[in-house]
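These notes are about the structure you will find just below.
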Amino acid sequence: MKDKKDYLELLSKNYPTIDDASVEIINLKAISQLPKGTEYFLSDIHGESEGFEYLLGTSSGVIREKIELLFKNTLPENERVELQILIVDTKNLINQKSEREDFNDWCRITIYRLIRICKVVISKYTRSKIRKKMPSNFAYILDELLQTGDEENKENYYFSIIDSIIELSAEEKFMIALCQLIRQCSVDRLHIVGDIYDRGPHPDKVMESIMTFNEVDIAWGNHDIHWLGAAKGSLICVANAARLAIRYNNFDLLEYSYGINLRSLSSFANEVYKDDPCEVFKPNTLDKNMYDEVDKDLAAKMHKAISIIQFKLECQLIKRHPNYGMDERILLDKIDYKNGTIKIEDKVYELKDKNFPTINPEKPFELTEEENTLIQTLSASFINSPVLQRHTNYIYDKGGIYKIFNGNLLYHGCIPTKEDGTFDDVYIDGKYLSGMKYLKQVEDKVRKAFYCEVGSEEQLNALDYCWYLWSGPKSPLFGKNKMTTFERYFIEDKATHKEHYNPYYYHIEHKEYCKSILKEFNLDVNKSHIVNGHVPVKTHKGESPIKGEGILLVIDGGLSKAYHKNTGIGGYTLISNSNMMIIAEHRPFAEVVESGFRISPKTTIVERFNKRITVGETDTGKELSKRISDLSELLDAYKSGIVKEKRK
């Protein structure tokens, strides 16, 4: 009883009178009756910043719908499309329009139209919530324009503000702020279901965009986890991150965006492999570098140099952790260096590349002194990159192995599962765990890599586990029996490249299995959904992102350019608003650009809710209900004299 009174006394400092507490209860009850905000789910972004910005800026067609609702009967299609482009790519379009003689008139009309769009977008939010989303530099003006009606007595006031913005040459900054607010209010909660990094050119820009949103959560993917490990100094994760960036020609990301110094790697590679064409290591050039264009021959040498270092470090790590069950991935001692062959599972294969000047056949796992110096230098560069540290800290803070939000379960990869459909027991930290308990233990271990004392045995062990999560056979982020990176580089026979998916991936086709996952996480099997990423849906082969009769949704449709041939599309996104849950199928971003941004996503309603969902029925609503209950107790305490009002 004393503890309760002490709590109410503390609460009374924020609500010192009966009137203060009553007003807050009225406010919270009113908010509870508002429609639920729109949740937006994206997965497997893979550094495709331009495509991501477009999806984010259009909210998968939601903003286009608002534009059509307002202007379909009054504006031609090209002007409606232009409004959509402006909201997505504000600065560039304004720069294009600035050459027009009637630029000021265009700004005046466009600002007015944007305000009308914004009013529709913000209609289901409280003023206080809208203010929190407003860019601070124009918050007061935005608030005035958005709350001022079109009634006759305020019309002059309304247009006077717009005229003043143009007269003061503030139109560009103001439109940028207004378009940002439209984007922010079109999405109330942003869910990233893993794999922000690798393949695409600019995960750094993706991160900067994500970090502008107020409400975000991130389910870690295997392509994120090794970057988290690299940022904390894991040598194997540093090698892997550098290798993948070089493989996809992402030199701008490493050197320009993150300030990772590659000079020691380029010098080492050029010296050691100066007479080696390194043909199998020629990088994929899906994107061009703007600031750091590296010669392809040198890039191939750098790619090979860091790959060999990685393979050595992998062998060392697997030796340190026999419990990982990855002994078959120790391959460097299976090579016949004299004949240029390798023996895998009693079969001998010829190697496509037979030049290994840094490998001692007697001690194939050992780094040379130069290699050790090189990887330590690279690691220091990762650790001391302020931008990388800011991004990875954010991912740690906002992320986890899985997320439960508003009754839905989000995770990137899989729940390790046996052939019979039961959850697999996985050995971790001295015990066997399965299902939700395993995923919780995995997350705890990853956080030790971040929070434990730097260089401690516990931290180093956790950093090694980050690499296991990248490619381990029972990793919930990877979901395959092995990662055949070595074979893809060195062996022609594609049979050796095969990676077998965890049984999870064929069990999710069945409703009862999906229900068993929901039960494992204590969720309602009749209302909840599972949102999954990681495995691209091969739409052009007839695959569907909707699994388990609508319970599980796979939203990796191939936003990454590297996957377009496999999927036939440009990715999936999921939208959950107060009325329904919708999955959107997108065309590749290059096609959208070529069409003049006239292509709209193909949408499928996953579930139409029986009634409109209110804030009170969400996780936020539960928090509001608790606050209302506490404030009601404070009111009773005031009225009974247990707590005295603190009038000024």
Side-chain angles (χ1 to χ4, degrees), residues 46-47 197-204 230 235-236 238-314 331-332 335 337 340-342 349-360 364 367-379 381-382 484-492 494 497 560-562 565:
H46 287 299
Y197 281 84
D198 293 333
R199 298 195 180 97
H202 279 295
D204 57 305
L235 299 183
I236 181 66
V238 166
N240 198 39
R243 177 185 65 83
L244 280 166
I246 294 169
R247 180 183 177 187
Y248 287 95
N249 196 39
N250 295 334
F251 288 95
D252 275 358
L253 170 68
L254 291 177
E255 296 207 282
Y256 180 77
S257 300
Y258 283 150
I260 306 299
N261 191 336
L262 297 178
R263 185 174 300 173
S264 56
L265 175 58
S266 63
S267 298
F268 172 83
N270 208 30
E271 176 63 28
V272 172
Y273 298 104
K274 59 184 176 183
D275 298 321
D276 186 340
C278 300
E279 285 295 331
V280 300
F281 291 93
K282 290 289 171 68
N284 296 325
T285 53
L286 296 173
D287 296 278
K288 291 184 178 180
N289 294 292
M290 290 181 62
Y291 302 101
D292 191 20
E293 192 63 48
V294 176
D295 175 78
K296 287 185 179 180
D297 290 336
L298 176 58
K301 298 179 195 304
M302 295 169 69
H303 187 186
K304 182 174 181 179
I306 197 65
S307 297
I308 297 301
I309 290 171
Q310 179 178 332
F311 294 138
K312 288 182 177 183
L313 291 170
E314 284 181 359
L331 296 175
L332 295 184
I335 296 174
Y337 291 92
T341 60
I342 186 169
Y349 300 92
E350 184 176 1
L351 297 174
K352 292 193 291 182
D353 186 319
K354 303 173 184 179
N355 182 33
F356 300 100
T358 67
I359 295 180
N360 177 358
L367 297 176
T368 66
E369 184 177 344
E370 292 81 4
E371 286 175 323
N372 184 60
T373 300
L374 167 58
I375 195 63
Q376 295 290 348
T377 301
L378 274 177
S379 176
S381 225
F382 273 74
T484 56
T485 306
F486 181 92
E487 290 89 333
R488 290 169 189 269
Y489 281 126
F490 288 101
I491 301 175
E492 195 70 50
K494 292 190 183 302
H497 304 176
S560 170
K561 288 188 283 290
K565 288 183 180 179

Could you tell me whether the side chain of [Y] reaches within less than 4.5 Å of the side chain of [X], counting heavy atoms only?
{"X": "F356", "Y": "P364", "answer": "no"}
{"X": "F268", "Y": "T373", "answer": "no"}
{"X": "E279", "Y": "D353", "answer": "no"}
{"X": "P203", "Y": "L253", "answer": "yes"}
{"X": "I335", "Y": "I359", "answer": "no"}

Fill in: For E350, all residues meeting salt bridge (charged side-chain N to carboxylate O under 4.0 Å, His left out), sequence neighbours excluded
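Partners of E350 under the salt bridge (charged side-chain N to carboxylate O under 4.0 Å, His left out) test: K354.
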
Worksheet entry | Results of salt bridge (charged side-chain N to carboxylate O under 4.0 Å, His left out) for D297 - residues two or more places apart only |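 Counting only residues at least two positions away or on another chain, D297 forms a salt bridge (charged side-chain N to carboxylate O under 4.0 Å, His left out) with K282.
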
Worksheet item: Considering residues at least two apart in sequence or located in another chain, which fulfil the side chain to side chain contact (heavy atoms under 4.5 Å, CB included) criterion with T368?
Response: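 Counting only residues at least two positions away or on another chain, T368 forms a side chain to side chain contact (heavy atoms under 4.5 Å, CB included) with K312, T358, E370, E371.
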
Worksheet item: Which residues satisfy the side chain to side chain contact (heavy atoms under 4.5 Å, CB included) test with A239, sequence neighbours excluded?
Response: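 Listed in chain order: I306, Q310, L313, I375.
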
Of the non-hydrogen atoms in [X] and [Y], which two are nearest, and what is the gap between them?
{"X": "A299", "Y": "I246", "result": "O-CG2, 3.6 Å"}
{"X": "S264", "Y": "T377", "result": "OG-CG2, 4.0 Å"}
{"X": "L262", "Y": "F251", "result": "CD1-CD2, 3.7 Å"}
{"X": "A245", "Y": "L254", "result": "CB-CD1, 3.5 Å"}
{"X": "D204", "Y": "S257", "result": "OD2-OG, 2.9 Å"}

Worksheet item: Can you check side-chain contact (heavy atoms from CB on, under 4.5 Å) on L235 and F382, steps first, answer last?
Response: CA-CA 10 Å; L235 299 183; F382 273 74; over 6 Å; no

Looking at [atom1] of [X] and [atom2] of [Y], how far apart are the two atoms once the value is rounded to the nearest 0.5 Å?
{"X": "N240", "Y": "T485", "atom1": "CG", "atom2": "OG1", "answer": "7.0 Å"}
{"X": "L244", "Y": "N284", "atom1": "CG", "atom2": "CG", "answer": "10.5 Å"}
{"X": "I236", "Y": "I309", "atom1": "CD1", "atom2": "CD1", "answer": "10.5 Å"}

Where the side chain of [X] meets the backbone of [Y], is there a donor-acceptor pair that is under 3.5 Å apart?
{"X": "H497", "Y": "T484", "result": "no"}
{"X": "H46", "Y": "Y197", "result": "yes"}
{"X": "D295", "Y": "L298", "result": "yes"}
{"X": "S266", "Y": "R263", "result": "yes"}
{"X": "S381", "Y": "I260", "result": "no"}

Worksheet item: Going through the distances and angles, do E487 and L331 end up as a side-chain contact (heavy atoms from CB on, under 4.5 Å)?
Response: CA-CA 10 Å; E487 290 89 333; L331 296 175; 4.0 Å; yes

Item to complete: Kindly determine whether N250 and H202 satisfy side-chain contact (heavy atoms from CB on, under 4.5 Å), including the steps that lead there.
Response: CA-CA 8 Å; N250 295 334; H202 279 295; over 6 Å; no

Item to complete: Taking ring-ring contact (aromatic ring centres under 6.0 Å, His included) as the test, write out the residues that go with Y489, two or more places apart.
Response: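 Listed in chain order: F281, H303.
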
Show me the donor-acceptor pairs, under 3.5 Å and distance only, between side chains in residues 269-276 and residues at least two apart or in other chains.
residue, atom, partner, partner atom, Å
D276, OD1, C278, N, 2.8
D276, OD2, K304, NZ, 2.7
D276, OD2, N355, ND2, 2.9

